[in-house]
Amino acid sequence: MALFAEVIVDVPTLQTNQPYSYKIPERFEAFIQKGMRVIVPFGKGSRTVQGFVVGFSDQTTFSGDIKEIQSLMDNSPVLSEEMITLGSDLAYQTFSFQIKCYQTMLPAVLKARYVRVIRVIDEIDEDLLFDLFKGKDRISWEEAEKADSLDIVLKLEKENKVHIDYLVTDKSTVKKEKYVRPLLSYEHLEEMKMGIPSNAHKQLILLNLLQQMEKEEEQPVTAFKEHGLSLSHIRTGEGKGWCEVVEKEVLRDPFSDITFEQSQPLSLTADQKLAFDTIDRAVKTEQHEVFLLQGVTGSGKTEVYLQTISEVLEKDKGALMLVPEIALTPQMVERFKGRFGDRVAVLHSGLSDGEKYDEWRKIERGQAQVVVGARSSIFAPLKKIGLIIIDEEHETTYKQEEFPKYHARDVAVWRGQYHNCPVLLGSATPSLESRARAMKGVYTLLELSERANQAAMPQVKVIDMREEAKNGNRSTFSDVLLTELDKRIHKNEQAVLLLNRRGYSSFVLCRDCGYVLECPNCDISQTLHMDTKTMKCHYCGHEEGIPRNCPICTSPAIRYYGTGTQKVEEELQEYLPDARIIRMDVDTTRKKGAHQKLFKRFEQKQADILLGTQMIAKGLDFPDVTLVGVINADTSLGLPDFRSAEKTFQLLTQVSGRSGRGQKTGEVIVQSYNPDHYAIQKAKHHDYDSFFKKEMNLRRLSEYSPYYFLLKLSVSHENEMTAAKKIHEFIEFLKPSLSEQAIILGPTPKSIARTHNRYHFQTIIKYKKEEKLKEKCHELLMNTQKEQAKGLYISLDYHPLDFI
DNA sequence: AGCACGCCGACT
DNA sequence: GTCGGCGTGCTC
């Protein structure tokens with residue numbers, strides 16, 4: 001047996017971001033395993049913290065006294081060998097702490113909770129005992145804090161009158177249910193009937209029910225309650241030795257009250273079959289390969305997923321499928337549960353922590369082999385993975401914006417390599433990065449170019465809002481859109497209206513010519529800052545005055561652009577008084593399950609128009625929707641982001657795909673002040689390929705991804721000068737190790753330059769190949785530990801998606 | 001993070 | 001003289 005356990009402790013700092021050696025007490029020798037959570041003493045006092053055992057060793061270089069592990073928190077490991085390695089890799093790649101990675105990979109309930117308890121161990125002053133301890137022998141740290149008596153407590157501790165216990169627990173609760181078990185045989189129970197009073201009806205019922213069971217068979221107490229028996233009735237029987245009540249561990253099933261209709265595999269189109277065969281070959285030969293499945297909206301990507309997963313299950317392996325949170329609709333869950341039944345575990349944000357934990361255990365124990373879920377499901381504890389799918393791979397929600405700032409796609413590829421299994425990226429509108437990789441042969445491209453049910457792609461009309469303005473229509477809606485909406489209401493068909501409100505930044509747009517003010521250096525939109533009354537570029541910091549007239553057409557109608565959903569709804573109701581409208585935005589969907597309810601209402605045709613933001617663009621399948629309207633296509637074009645055209649194209653394509661899914665052909669109306677913009681024109685013609693070509697060319701010229709990689713460095717401090725000085729200093733530190741090719745944008749104050757009384761600055765490094773950059777960044781973080789401890793905040797984001 | 005050690009100002 | 005302020009450095 002190894003002498004020491006190597007433990008990653010729950011102290012998220014750089015200095016402690018390494019394994020610590022602990023002695024293994026004899027009593028744990030037989031039980032301790034890699035990947036278990038342990039409680040260890042840490043630091044000078046008697047503080048204890050949670051830790052993860054990541055390895056064992058027979059010797060240690062540490063010269064000080066080595067402490068012992070205090071206790072084990074698990075009976076079996078919560079982290080597999082794979083997860084231990086993945087966590088430490090992830091920490092390095094994302095500039096994060098190992099402990100944070102492990103915590104992110106596990107259900108929230110397994111995270112440590114720390115409780116400090118003050119316990120009286122010697123005679124103390126009676127008044128004090130009464131005042132502070134209320135006559136008890138212990139109180140919690142929080143109670144003492146509330147009573148403002150921490151100074152007294154610390155004094156008492158010095159005098160050895162009280163002891164402070166550091167307790168480590170977690171929030172994991174295993175749900176238990178009570179079961180009844182007869183202890184007597186049928187005949188024996190029959191005899192018992194003689195002995196009870198004639199008016200003891202409940203007892204008689206109980207005896208009868210017990211007689212219907214085999215001896216020692218178990219039935220839940222709830223089954224007895226249906227016959228009018230309470231727990232106390234059963235307890236009486238228990239007292240008489242007829243039966244006993246036992247507790248059994250059960251898994252919460254969030255879908256227990258829903259029955260899923262069994263669904264059968266559909267026959268595949270030629271395209272689908274080809275895609276299926278190609279992926280299936282990689283599954284069968286256990287080859288790691290990344291596939292990009294590019295299929296137009298409605299081309300049946302999901303059916304390809306389902307059938308490939310079936311093959312994976314045949315091989316006795318598991319499959320992992322990631323979808324964006326908002327696409328995790330009951331419709332989607334139904335399709336998976338319908339095909340694979342109980343073998344599916346679903347992880348989404350609507351579940352309680354306890355429910356998530358149970359789904360996690362179901363996977364861990366091998367009771368579920370198919371996992372469907374949002375971003376963090378990429379860490380699902382499947383032991384043998386045969387396939388990983390990322391649906392809507394272009395979605396930005398796959399990148400976590402908090403530490404660790406990981407991208408699920410990168411983790412998917414990592415796990416795919418580990419398990420020797422294919423990774424399948426699916427989208428109607430792949431990110432430029434993925435498509436470019438497919439062109440270079442890094443990924444294998446598979447295409448589905450036709451809709452599965454032979455339905456035609458919807459007709460897209462682009463309405464020039466400048467013309468509308470010229471004709472005196474200054475409202476949110478064009479005449480054409482209103483007319484078409486009215487038609488739908490009378491034909492008893494439905495419409496979806498998208499209010500494009502991507503991001504929160506404001507920009508200025510010319511209402512006469514559609515011009516958006518751009519940065520002369522960075523080719524991205526400038527953002528309006530009312531505090532300084534200027535236009536600013538978020539990338540390089542360029543700043544200029546707010547234009548009074550359009551620099552292109554000299555019109556004075558150049559102004560701030562943006563509208564709220566509620567305002568739009570009111571306006572729409574005015575124009576169409578008979579329309580039944582469902583509004584979906586953050587306000588109406590805040591409550592748990594509100595989302596589903598609203599969709600259900602729309603599905604049951606209790607409304608004519610579904611008006612909403614981004615959340616209505618994805619994955620919905622309503623056969624009676626024959627019109628999709630995009631109210632303001634320009635909002636996403638004006639984003640201060642070099643991906644604004646790509647995001648606009650994706651959004652328009654996705655939302656157009658909602659129209660004409662049934663038998664009737666669909667129509668799409670896009671309102672814009674920039675009707676000729678290529679993102680809008682290419683979306684209109686459903687032409688991904690030529691959009692890709694055009695956008696790639698622009699990216700090459702403006703030196704952005706996928707031609708360049710990006711790294712974002714953010715610094716903040718309560719003192720503006722310090723923050724500014726430091727970020728310059730850090731750039732100077734990194735610069736010498738960069739090649740000629742690298743380009744540094746900024747530094748610049750962030751759009752919200754001051755939050756929580758801190759000043760934020762950021763800089764973006766564009767580069768092609770910098771072998772030493774990552775290492776140098778780690779060096780930077782190590783060198784600045786002291787300053788970081790003194791309130792200087794440094795954050796590095798590898799492949800950032802967010803520049804605001 | 002949290003705690004102890006350590007070196008300077010206003011009190012019993 | 002001491003109590004206690006929070007600056008600094010370490011935690012197997």
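Both backbone and side-chain heavy atoms feed into the values below; hydrogens, waters and symmetry mates do not. Residue numbering restarts at 1 for every chain, and letters A, B, ... go by the order of the sequence lines.
- Per the geometry, CD1 belonging to A:Ile99 stands 14 Å off C1' belonging to C:dT11, to the nearest Å.
- Between the CZ atom of A:Phe42 and the P atom of C:dC10 there is a distance of 13 Å, given to the nearest Å.
- Nearest heavy atom pair, residue A:Thr48 against residue A:Gln70, reads CG2-NE2, 3.3 Å.
- The stretch residues 59-72 of chain A comes close to DNA chain C through A:Phe62, A:Asp65, A:Ile66, A:Lys67, each having a heavy atom under 4.0 Å from the strand.
- For DNA chain B, the span of nucleotides reached by chain A at under 4.0 Å from its heavy atoms goes, 5' to 3', from B:dA1 to B:dA4.
- Within 4.0 Å of A:Lys23, counting heavy atoms only, lies no atom of the nucleic acid at all.
- Among the atoms of the strands shown, base atoms are found under 4.0 Å from some heavy atom of A:Gln15.
- Taking each heavy atom of A:Ser795 and A:Lys405 in turn, the nearest pair found is OG-NZ, 3.2 Å.
- Seen from the ring of A:Tyr357, A:Lys175 does not count as a face-on cation partner, given the 6.0 Å and 45° thresholds.
- As judged by a 4.0 angstrom heavy-atom cut-off over every strand, A:Tyr166 is placed among residues touching the sugar-phosphate backbone only.
- Aromatic rings from A:Phe42 and A:Tyr20 are positioned such that their centres are separated by under 6.0 Å.
- For the pair A:Glu775 and A:Tyr92, the minimum side-chain heavy-atom distance is below 4.5 Å.
- When rounded to the nearest whole Å, the span between CG of A:Leu3 and P of C:dC12 equals 18 Å.
- A centroid separation of 6.0 Å or more is found between the aromatic rings of A:Tyr102 and A:Phe97.
- Residue A:Pro41 is in sugar-phosphate contact alone, with no base atom involved, counting any heavy-atom pair closer than 4.0 Å across all strands shown.
- Across A:Tyr114 and A:Asp10, no two heavy atoms sit closer than the pair OH-OD2, 2.7 Å.
- If you measure from atom NZ of A:Lys790 to atom C1' of C:dT8, you get 9 Å, rounded to the nearest angstrom.
- The cationic group of A:Lys23 does not satisfy the cation-pi geometry with A:Phe4, failing either the under 6.0 Å distance to the six-membered ring centre or the 45° limit from the ring axis.
- Between the P atom of C:dT8 and the CD atom of A:Glu787 lies a distance of 12 Å, rounded to the nearest Å.
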